[in-house]
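Report on the structure given below.
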Amino acid sequence: MTKISKWFAATTAFATLAGTFVSVAAPLSASAATKIKNPFPVTVKSSKKAIKGGTLQFAEVSDTPFVGEWVSSLSTEQTDSDVEQPANESLFWTNSQFKFKNGGPANISFDDKAKTATITLRKNLKWSDGSEVTAKDVEYEYEIVANSAYGSSRWTDSFDDIVGLQAYHEGKAKTISGITYPDGENGKVLKIQFKEMKPGFTQSGNGYFLETAEPYNYLKNVDPKKLVSDAKTTTKPLTTGPFRVKKIVPGESISYERNPYYWGAKPKLNGVNVTIVSTAKAVASMKSHQYDIYNGLGNDQFKQAKNVKGYTVTGNQALYFQALYFNLGHYDAKKSVNVTDRKTPLQKVDLRKAMGYARNVAQVSKKYDSGLTVPANTTVPPVFKSFWDSSVPGYSATQNLKKANSLLTKGGFKWHNSKKQDYRIDPSTGKKLTLIYLARSGATNSEIVAQNYIQQWKKVGITVKLYKGKLTDFNSWVSMTTDPTADQNWDFTDGAWSTSSEPSQTDLFSASAPFNFGHYTSKKLTALLNATNSQKSLKTSYRIKQFKKYQKYVYDTAFVIPTKYEINWTPTNKRIKSYTSAYGNAGTTTGNWWTTAQLVSKKPLTK
């Protein structure tokens, strides 16, 4: 039940999305290097008889309101994805290894010789108002991504592989020449012409083509600049999933009813209510048995939540990594490119490495994360068994103040008073080395952890201050890391990603990626990212080698420092007949958990 494209993670918990079901629990395979084990069953079932209908209560744990953006290519936040689960559905189904398979809202096939992909929509695929989902609706999503007037942050170099899309993006063409309609715009078939076939094409979340559609006829008359905030995309959306919106209280809650035009199996539930619940109130509401599913609980809340009567926890290894990002430049929105030009002492690799070694990540993880996280060594999560390189040492497994001090001295950051070792001097200014930390709020221990790290950096002479003297809320943090016009008076931040289900990291770290919010670029990095997606990488063994070279480069340059991997866990009330944290659409005749969801009682169970 997992979202398979890249999203900001608002907390240390990973989120789930409709579209998967398996019948047996499976243990998480663990590497000796991570020593992370899944202590939870992947799937839980109740032996009790299901009732007819009923309304499932879903709690999204968040300290900030959801934005409520329903256009996929205009949405940037995990919370939106979470609360929209019952009504949203990807075009394509996948197996447990995230590879495309037939049977969903649409099928996709590839012709390697012709360098094309053909998307065939189901004949009975409709929007929630009964109108047909057409080939034009699929193409329209590409227009939103590529036309800068819409303000999408999803454009990356990867899309340049579609013939004519770059020209459209630059305003040199009025249409996308590489996207055609064999049966016309109102038909059910779309063909995409590529410049070359890529190794990740058969994998969901590959970033080279989109996996969603938007209702063109419903939205076409909305001014592109206003689409992101129009009622048709925020409070009155059209969707294709098993449920549709009944009522939205902006930022607070969504009530869903059955979608009578859904192409697949009729949902067994009458409806779903989704409500934002603050971090502080989440466990208390569990003890009061207010909701059936609690999505987004932080690992710091696990000890309180795990034994609440009436609930069972499921889990899986998360498609997730946390990392320390350094603000090294800016994003040029006009040219759609990152520029590494910021005047900061962090341009020195020795300082970046020292900051990584100085942190006590493993200690913090052990104290606050209930054994649900481990220090990360690369930006590739170990769930990608073949591509993750366990041999890369990383910076987070063991605190090494001696090495941090040595690197700082090597980099020219001398002590102001070597005998007292009070603070270090920035050699470029001759002044006290002081950095601004854009630390994020969200978890109950966010302040404690941030202050702890500040103290660790102080031990090696690095003076760190919080941005404006306090933690930054998630929505403000997103704006500051992705909006080129936002205040950039910060030096580093912690970022967390719910990653794509394809290991390519082009969308995160390429020169054109808006989500490359450290703005680091180099010819070598570009070459390595390109190599992982090249024609030669159609051969898996070659691609594995390139991924390992890429991970070694990330370690050597420390332009970003991987911090943690984690287990995704979700408490569910025992009145749910069956629930799963498995990946893919395997295991049911419907392929979508929201159509199979049932309840065994009218109210949440208390034991």
Side-chain angles (χ1 to χ4, degrees), residues 4-7 98 145 153-162 165-166 169 194-210 319 321 323-326 328-332 335-340 349 352 376-384 386-389 391-392 394 481-482 495 497-562:
I4 45 181
S5 53
K6 296 179 177 68
W7 295 92
F98 318 112
V145 169
S153 59
R154 296 303 180 88
W155 178 266
T156 72
D157 285 340
S158 299
F159 290 118
D160 187 37
D161 192 41
I162 296 177
L165 194 54
Q166 181 72 41
H169 175 61
F194 296 101
K195 295 176 182 177
E196 64 178 24
M197 304 304 279
K198 300 290 185 179
F201 273 10
T202 59
Q203 198 90 357
S204 179
N206 59 66
Y208 288 101
F209 53 84
L210 301 170
L319 283 162
F321 74 87
L324 189 66
Y325 279 78
F326 302 105
L328 303 176
H330 76 282
Y331 182 74
D332 187 329
K335 297 181 180 179
S336 299
V337 67
N338 287 283
V339 184
T340 311
V349 66
R352 301 197 298 265
N377 65 326
T378 86
T379 56
V380 177
V383 68
F384 297 113
S386 298
F387 300 104
W388 173 64
D389 190 348
S391 70
V392 174
T481 54
T482 61
W497 287 103
S498 296
T499 72
S500 160
S501 47
E502 209 286 320
S504 173
Q505 301 213 317
T506 300
D507 288 354
L508 292 180
F509 298 116
S510 73
S512 69
F515 291 148
N516 179 1
F517 47 76
H519 312 297
Y520 178 86
T521 64
S522 73
K523 291 182 179 179
K524 180 70 172 177
L525 176 59
T526 297
L528 287 168
L529 288 170
N530 289 344
T532 64
N533 300 303
S534 68
Q535 290 288 288
K536 289 183 179 179
S537 279
L538 288 170
K539 186 177 180 181
T540 303
S541 59
Y542 178 86
R543 196 178 197 214
I544 289 172
K545 288 180 181 178
Q546 300 313 307
F547 262 102
K548 290 188 175 182
K549 287 181 181 179
Y550 161 72
Q551 290 168 84
K552 180 66 164 53
Y553 178 81
V554 174
Y555 170 70
D556 289 340
T557 57
F559 70 85
V560 62
I561 292 181

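The model shown is predicted, which means the values in this text are computed figures rather than measured ones. Computation of the quantities below employed the complete heavy-atom set of this structure, encompassing side-chain atoms and omitting hydrogens, waters and symmetry-equivalent molecules.
In this structure, Asp161 contributes its side chain and Phe194 its backbone to no donor-acceptor pair below 3.5 Å. One N or O on the side chain of Asn377 and one on the backbone of Val392 form a donor-acceptor pair closer than 3.5 Å. Looking only at distances, a side-chain donor or acceptor of Asn338 sits under 3.5 Å from a matching main-chain atom of Ala511. A distance-only check finds a donor-acceptor pair linking the side chain of Ser501 to the backbone of Ser204 [under 3.5 Å]. No donor-acceptor pair under 3.5 Å is formed between the side chain of Asp160 and the backbone N or O of Asp157. Panel note: side chain Thr340, backbone His519; a donor-acceptor pair is recorded below 3.5 Å. Side-chain atoms of Gln551 come within 3.5 Å of backbone N or O of Asp389 as a donor-acceptor pair. In this structure, Arg154 contributes its side chain and Val145 its backbone to no donor-acceptor pair below 3.5 Å.
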Evaluate Gln166 against Trp155 for side chain to side chain contact (heavy atoms under 4.5 Å, CB included), listing each step before the verdict.
CA-CA 10 Å; Gln166 181 72 41; Trp155 178 266; 3.3 Å; yes
Checking Val554 against Val560 for the side chain to side chain contact (heavy atoms under 4.5 Å, CB included) test, could you report, in this order, the C-alpha distance in whole Å, the side-chain angles of both residues, the deciding distance, and whether it holds?
CA-CA 7 Å; Val554 174; Val560 62; 3.9 Å; yes
Applying side chain to side chain contact (heavy atoms under 4.5 Å, CB included) to Ser500 and Phe98, what does each step give before you reach the verdict?
CA-CA 10 Å; Ser500 160; Phe98 318 112; over 6 Å; no
Please determine whether side chain to side chain contact (heavy atoms under 4.5 Å, CB included) holds for the pair Tyr553 and Lys524, giving the CA-CA distance in whole Å, both sets of side-chain angles, and the decisive distance to 0.1 Å.
CA-CA 9 Å; Tyr553 178 81; Lys524 180 70 172 177; 3.3 Å; yes
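A distance of 11.5 Å separates NZ in Lys536 from NZ in Lys545, rounded to the nearest 0.5 Å. Between the OG atom of Ser386 and the NZ atom of Lys548 there is a distance of 9.0 Å, given to the nearest 0.5 Å. We find the CD-CG distance between Gln546 and Asn530 to be 11.0 Å, quoted to the nearest 0.5 Å. A distance of 5.0 Å separates CD of Gln535 from CG of Leu538, quoted to the nearest 0.5 Å. Ser153 OG to Phe517 CZ: the interatomic distance, rounded to the nearest 0.5 Å, is 11.5 Å. Atoms NZ and CG, from Lys195 and Leu165 in turn, are 9.0 Å apart once rounded to the nearest 0.5 Å.
Minimum interatomic distance between Lys549 and Leu528 (heavy atoms only, all atoms of both residues): CB-CD2, 3.9 Å. When all heavy atoms of Pro503 and Arg543 are compared, the pair lying nearest together is CG-NH1, 4.1 Å. Residues Tyr208 and Ile162 approach most closely at O-CD1, 3.5 Å, considering heavy atoms. Closest of all the heavy-atom pairs between Ala558 and Arg352 is O-NE, 3.0 Å. Across all non-hydrogen atoms, the minimal contact from Pro199 to Ser537 is CB-O, 3.2 Å. Nearest heavy atoms, Thr532 versus Leu529: OG1-O, 2.7 Å.
Side-chain contact between Pro381 and Thr499: present, with at least one pair of heavy atoms (C-beta onward) separated by less than 4.5 Å. With contacts defined as side-chain heavy-atom distances shorter than 4.5 Å, the pair Tyr550/Leu525 qualifies. You'll find the side chain of Thr378 reaches within 4.5 Å of the side chain of Trp388, heavy atoms only. Between Thr521 and Phe559 the shortest side-chain heavy-atom distance does not fall below 4.5 Å.
Between the side chains of Tyr325 and Thr481, no donor N or O sits under 3.5 Å from an acceptor N or O. In the model, Ser336 has no side-chain atom that pairs as donor or acceptor with a side-chain atom of Ser512 under 3.5 Å. A donor atom on one side chain and an acceptor atom on the other are found under 3.5 Å apart for Thr156 and Asp507. A donor-acceptor pair shorter than 3.5 Å can be found between the side chains of Gln505 and Thr379. Side-chain contact of Asn533 with Thr506: a donor-acceptor pair under 3.5 Å is present, judged by distance alone.
Aromatic ring centroids of Phe384 and Phe547 lie 6.0 Å or more apart. Aromatic ring centres of Phe209 and Phe201: separated by under 6.0 Å.
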